[in-house]
Amino acid sequence: MRSETGFTTFLDEMKWRGFFEQCSDEDALYDLLSAETVTGYIGFDPTADSLHVGSLLPIMGLVHLQRHGHRPIAIVGGATAMVGDPTGRTELRRMLTLEKIEENLLGIKGQLGHYLRFGDGLQDGLMLNNADWLKDFGYLEFLREFGHHFSVNQMLARDSVKSRMEHGLSFIEFNYMLLQAFDFMVLNRDHGCKLQMGGSDQWGNICSGIDLARRVNRQEVFGLTFPLMMTAAGTKMGKSAGGAVWLAAERTSVHDFYQYWINVDDRDVARFLRLYTLLPPESIEKLESLTGADIREAKRVLAHEVTAMLHGDAAATEAAEAAQALFGGGGGGDAEGIPGSERPLADFDGDGVTLIDTLVDSGLLGSKGEARRMIRQKAVRINGEVIVDEMRSLTADDISDGRIALQVGKKRHHHLIITGAG
RNA sequence: GGGGGGGUUCCCGAGUGGCCAAAGGGAACAGACUGUAAAUCUGUCGGCGAACGCCUUCGGAGGUUCGAAUCCUCCCCCCCCCA
């Protein structure tokens, strides 16, 4: 366990960093945390084989827990994913097949491994699948054992449910709260877990779990929620040009991931440094004092730190160098980290290939119509030169230094790496 | 089960037989400005096509009509009230 967190207690750090939204019993939790190694958990949804930036906040919550000598548990909701979660959603979540969920679990597990230390030690994290204790549990058995512990009146009063009343809420979604409460109770019973954390939208579910653990296990357990993360612009965390920003490099390249953080709103930098990096308070405060264009320095630190934690220092440095090459002016620089794809030299013989087609199949643009529009708007460049001819083709003449640099707008870059040139 | 109101392009939301690929707003993207930020202004915003245009889309399936998002039939889903 590392001790150089710069904070005396977990809760102090969580507060300073901006994770602290609401706590079921702060004083009692504070005492508990200073008295023993506390096991705390957060649930993640295996709805895809990768987590995205939106999950980074809870992940960091577990990271801090572990850094302060406590034990994190990550629950992947294999069972709950089969059911769907009403909280904050307007639509019934798509149900997944068991095989798909299994596959997603593996991917997520690998990603959490970048952040948390798992193992058998006292403070080593655990990753559990709630399907293990839910999937063979019979309906009648559940009703008989636990049904009387839940008050429908109370459930209906939960904000998460109330907000869904207008648009409709199926019974299956309504049950999500019960399952999550059950998870907490089981974790408390079997693993001594006494803390559940989560986004503020999980508050109701967490409270249900606290109640159930008290009634069934006669244990006092706690809940701690994080604020709902929105960008300064009021959009959901983790959306970029290409959609969601994923943690998996196959879905969001290291370059794009790094760019996401470099491009955050000025107003978000300070907050994000606190939430998404492990930098000590002195370093962060120093960066926070920057103003005007100097804020870019803080963004560089933010992007590097966050990228390095996920993809490793080397990859983060490469992404930073690519960014420098593309945006640092003066051109040149290291092209290694710039997204690209390989093309055989033969493609560029004679008339070559059309620019429009290439923009589409390089993934830079979605359709030929869009490619045409972009060219009309003077947004497309080949090797830095603005292209105005929609009919333009790429030929051997465009190859420079073994590659052709394509660019759409100011920020989207793609290099065609020419192979077979000998 | 009965009655009423709904399901429109990424989202919200107009549109009730041709002038609708479908108003308006938001989001998004691009250009200018800038600091790879914000704000602002301008433009774009289903697919194919150089273009005339063609194709796909208005919950689903049929039908009426020269012509349907708009009319009819059946089906699915949601909301409200009653049972």
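Going from the C1' atom of rA27(B) to that of rC71(B) covers 35 Å, rounded to whole Å. Separating the P atom of rU64(B) from that of rC81(B) is a span of 41 Å, rounded to the nearest Å. The separation of rU70(B) from rG60(B), taken at their P atoms, amounts to 10 Å, rounded to a whole angstrom. A gap of 31 Å separates the C1' atoms of rG62(B) and rA23(B), to the nearest Å. Separation of the C1' atoms belonging to rA32(B) and rA38(B) is 16 Å when rounded to the nearest angstrom. Rounded to the nearest Å, the gap between the C1' atom of rG13(B) and that of rC33(B) is 33 Å. Across rA21(B) and rC54(B), the matching P atoms stand 10 Å from one another, rounded to whole Å. A distance of about 27 Å separates the P atoms of rC11(B) and rG17(B), rounded to the whole Å.
A donor N or O paired with an acceptor N or O is found under 3.5 Å between the base of rU36(B) and the side-chain atoms of Gln259(A). At a cut-off of 3.5 angstrom, counting only N and O atoms as typed in the model, there is a donor on one side and an acceptor on the other between the side-chain of Gln377(A) and the base of rG43(B). A donor-acceptor contact under 3.5 Å is not formed by the side chain of Asp294(A) with the base of rG35(B).
For Phe182(A) and Phe137(A), the gap between ring centers is short of 6.0 Å. Tyr30(A) has its ring centre no less than 6.0 Å from the ring centre of Phe10(A).
Among the nucleotides rU36(B), rG47(B), rA30(B), the one closest to any side-chain atom of Arg373(A) is rG47(B).
Dashed line: the shortest gap from a side-chain N or O of Ser367(A) to OP1 or OP2 of rC48(B) is under 4.0 Å. Contact between the side-chain N/O atoms of Lys411(A) and the OP1/OP2 oxygens of rC29(B) is not found at any separation under 4.0 Å. Within the 4.0 Å cut-off from OP1 or OP2 of rG49(B), at least one side-chain nitrogen or oxygen of Lys368(A) is found. Taking only side-chain nitrogens and oxygens, Arg296(A) comes nearer than 4.0 Å to OP1 or OP2 of rU36(B). Close to rC45(B), at under 4.0 Å from its OP1 or OP2, lies no side-chain N or O of Arg372(A).
In this structure, the side chain of Arg271(A) does not engage the main chain of Thr231(A) through any donor-acceptor pair within 3.5 Å.
Rounded to whole angstrom, the span from the CG atom of Leu365(A) across to the P atom of rC48(B) amounts to 11 Å. In this entry the distance linking OH of Tyr260(A) with C1' of rA37(B) reads 13 Å, nearest Å. For the pair Lys410(A) NZ and rA30(B) P, the interatomic distance rounds to 8 Å; values are reported in whole Å.
Each of Met197(A), His64(A), Arg117(A), Gln66(A) was scored for a side chain to side chain contact (heavy atoms under 4.5 Å, CB included) with Pro72(A), with one residue passing: Gln66(A).
Within 4.0 Å of Asn263(A), counting heavy atoms only, lies at least one base atom of the nucleic acid.
If you check the side chains of Ser341(A) and His414(A), you find a donor sitting under 3.5 Å from an acceptor.
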